[in-house]
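Reading through the structure tokens given below for one structure.
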There are 2 protein chains.
Amino acid sequence: MAILDKYTNSKKLYVAVDCIIFGFEDDKLRLLLTKRMFDPCKGCWSLMGGFVQEDENLDDAASRVLERLTGLTDVYLEQLYAYGDTDRDPGGRVISVAYYALICTQKLDKDAEDKYLAKWFPVDTYPSLVFDHPEMVDKAMKRLRRKSLIQPVGFELLSEKFTLTQLQKLYEAIHQRKLDKRNFRKQILSMDVLTRLEEKDKVNSKRGAWLYRFDKEKYDSLLESGEHFVMK
Amino acid sequence: MAILDKYTNSKKLYVAVDCIIFGFEDDKLRLLLTKRMFDPCKGCWSLMGGFVQEDENLDDAASRVLERLTGLTDVYLEQLYAYGDTDRDPGGRVISVAYYALICTQKLDKDAEDKYLAKWFPVDTYPSLVFDHPEMVDKAMKRLRRKSLIQPVGFELLSEKFTLTQLQKLYEAIHQRKLDKRNFRKQILSMDVLTRLEEKDKVNSKRGAWLYRFDKEKYDSLLESGEHFVMK
DNA sequence: TCAAAAGTGTTCAGCGTACACCCATGT
DNA sequence: ACATGGGTGTACGCTGAACACTTTTGA
């Protein structure tokens with residue numbers, strides 16, 4: 001096939017995806033890591049990854065890898081960066097496209113988790129990781145910090161119903177700093193992207209706190225009106 | 001080699017880089033495009049690209065492709081995004097990692113430009129491009145807009161010495177809106193990252209305008225003092 | 001009754017924004 | 001003398017940030 005002349009002169013390379021999986025539990029941002037089940041570095045902590053198949057889009061490969069580990073589909077998943085140093089993987093020349101995912105830990109499939117020897121670690125104290133995976137985690141954290149200020153991605157880490165205190169704790173975990181309760185509430189409520197439900201959460205307080213949910217329609221109206229989602 | 005068992009079960013793929021090359025001339029932001037010299041889509045306008053070699057880092061591949069077309073090294077070059085839909089290139093399964101470059105058009109190697117049938121186009125009126133290249137250009141524009149507000153990348157598009165008016169015109173071109181002269185000057189000068197030279201540019205005005213240069217050392221001090229580069 | 005979390009407004013300073021005129025010089 | 005681009009300061013409104021007390025209720 002003449003059409004492929006120029007292409008077939010070049011060498012093909014392995015292409016993989018690796019997933020940085022974020023969760024939120026006990027007021028801490030956490031990472032889901034697995035133990036590598038094959039060499040090189042068998043038994044070491046690693047991001048969950050897999051090779052991209054010939055008939056599979058990059059995004060689909062990332063979804064597949066994520067579903068294999070968590071059992072979850074319809075998860076927030078965003079491409080982070082492509083890592084391609086020749087010596088990044090001692091097992092061979094592998095280009096890895098990193099994705100980060102935000103999941104609600106309550107919805108997790110525990111079986112899959114066990115199967116892949118996976119475990120949650122707080123983002124500020126996770127074990128050493130193989131290859132350039134620490135670099136990936138670092139970049140993912142920075143991306144999440146930036147993104148959470150200008151797009152409503154944080155809600156992906158909470159269950160559908162949440163209290164304002166839980167939401168604040170989440171932002172505090174992502175940005176690793178305390179926020180002022182009154183200012184936080186004023187700001188998030190002023191954007192009018194939440195709907196208050198007719199229910200209270202009595203688990204965390206005797207008095208009970210109103211439950212809210214993120215309202216996609218309100219968010220769309222906000223954007224249509226020329227405003228933006230902004231947290232400070 | 002047992003170490004590669006898991007890897008050799010997977011198929012390798014072609015990996016390419018494509019470069020979105022920005023320049024600034026006649027108060028307009030411009031794109032350097034080439035005519036494809038081989039099938040598929042021979043003769044169509046395209047971003048400059050090339051395959052990643054087996055012994056070559058991703059970033060190095062992008063630099064090589066950029067140098068081949070422009071003759072320039074030491075250019076601002078940043079990875080943009082990895083494109084990997086199975087049907088993105090009718091010539092075969094190719095993962096493309098897009099990079100964008102900011103170059104000073106005055107330093108351009110005209111010969112290389114001719115050799116690859118390359119041509120500059122204003123970013124608001126460029127011809128149709130092959131594959132998913134329009135999507136790449138769009139993403140690069142957005143990245144440049146965002147980045148230029150929080151990091152001093154714009155200077156990469158100007159020659160070393162420039163007037164404040166030229167700098168303002170550049171920001172206006174990137175953001176496609178008029179800026180207030182007094183506010184613009186106040187803001188850029190208040191950060192103290194420019195050094196005023198003892199020379200004036202008399203090309204664009206009779207009176208002459210002071211020439212400035214971006215001062216890396218001043219910029220580093222700004223960061224050390226906990227401040228940030230911010231343009232609004 | 002007490003401990004623990006929920007909920008609620010105001011004040012102030014600093015910044016972003018709008019805005020108009022004089023200057024220098026080459027033709 | 002005039003046309004062209006260069007250069008400069010102020011006033012105001014809005015927003016971000018700091019800050020403390022009352023309420024509810026289960027134990």
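Below, chain A is the first sequence line, B the second, and so on; all start at residue 1. Computed from a prediction, not measured in an experiment: that's the story for all the values here.
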### Task
Measure from the side-chain heavy atoms of A:R185 and tell me the nearest of C:dA6, D:dG26, C:dG26.
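Selected nucleotide: C:dA6.
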### Message
From C-beta outward on B:K206, which listed nucleotide comes closest to its side chain: C:dG7, D:dT25, D:dT4?
### Response
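Comparing C:dG7, D:dT25, D:dT4 against the side chain of B:K206, the answer is D:dT4.
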In whole Å, I'd like the distance from the [atom1] atom of [X] to the [atom2] atom of [N].
X      : N      : atom1 : atom2 : value
B:K178 : C:dA18 : NZ    : P     : 15 Å
B:L167 : D:dG7  : CG    : P     : 12 Å
A:R177 : D:dA18 : CZ    : C1'   : 14 Å
A:Q166 : C:dA6  : CD    : P     : 9 Å
B:N204 : C:dT25 : CG    : C1'   : 14 Å
A:W210 : C:dT8  : CH2   : P     : 10 Å

### Task
Measure up the B:Y100 and B:F22 rings against each other and bin them: parallel (under 30°), tilted (30 to 60°), perpendicular (over 60°).
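Answer is perpendicular, since the angle exceeds 60°.
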#### Entry: Side-chain donor-acceptor pair present, A:T163, A:D201, cut-off under 3.5 Å
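Short answer, no.
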### Message
Assess, by modelled atom type and distance only, whether the side chains of B:T165 and B:R185 contain a donor and an acceptor separated by less than 3.5 Å.
### Response
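A pair is found: one side chain offers a donor N or O, the other an acceptor, under 3.5 Å apart.
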### Query
With sugar-phosphate meaning primed atoms plus P, OP1 and OP2, does A:T165 contact a base, only sugar-phosphate, or nothing at under 4.0 Å between heavy atoms?
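Answer is sugar-phosphate: A:T165 comes under 4.0 Å of backbone atoms only.
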Quick one: does any side-chain atom of [X] pair with a main-chain N or O of [Y] as donor and acceptor, under 3.5 Å?
X      : Y      : answer
A:D180 : A:N183 : yes
B:R143 : B:L80  : yes
B:R30  : B:E25  : yes
B:H133 : B:S46  : no

Spell out yes or no: do the side chain of [X] and the base of [N] have one donor N/O and one acceptor N/O closer than 3.5 Å?
X      : N      : result
B:K181 : D:dG7  : yes
A:R207 : C:dA6  : yes
B:K202 : C:dG26 : no

Could you list all N or O pairs between the protein and nucleotides 13-16 of chain D that sit under 3.5 Å apart?
residue : atom : partner : partner atom : Å
D:dG16  : OP1  : A:K232  : NZ           : 2.7

### Query
Looking at residues at least two apart in the chain, or sitting in another chain, which of them share a side-chain hydrogen bond (donor to acceptor under 3.5 Å, both in side chains) with B:D59?
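Per chain and number, B:D59 pairs via side-chain hydrogen bond (donor to acceptor under 3.5 Å, both in side chains) with B:Y99.
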Would you tabulate the pairs of protein nitrogen or oxygen atoms and nucleotide nitrogen or oxygen atoms of nucleotides 9-12 of chain C closer than 3.5 angstrom?
residue : atom : partner : partner atom : Å
C:dT10  : O4   : A:K186  : NZ           : 2.9

### Message
Please tell me whether A:W45 and A:F121 form a close aromatic pair, meaning their ring centres lie under 6.0 Å apart.
### Response
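Yes, the ring centres sit under 6.0 Å apart.
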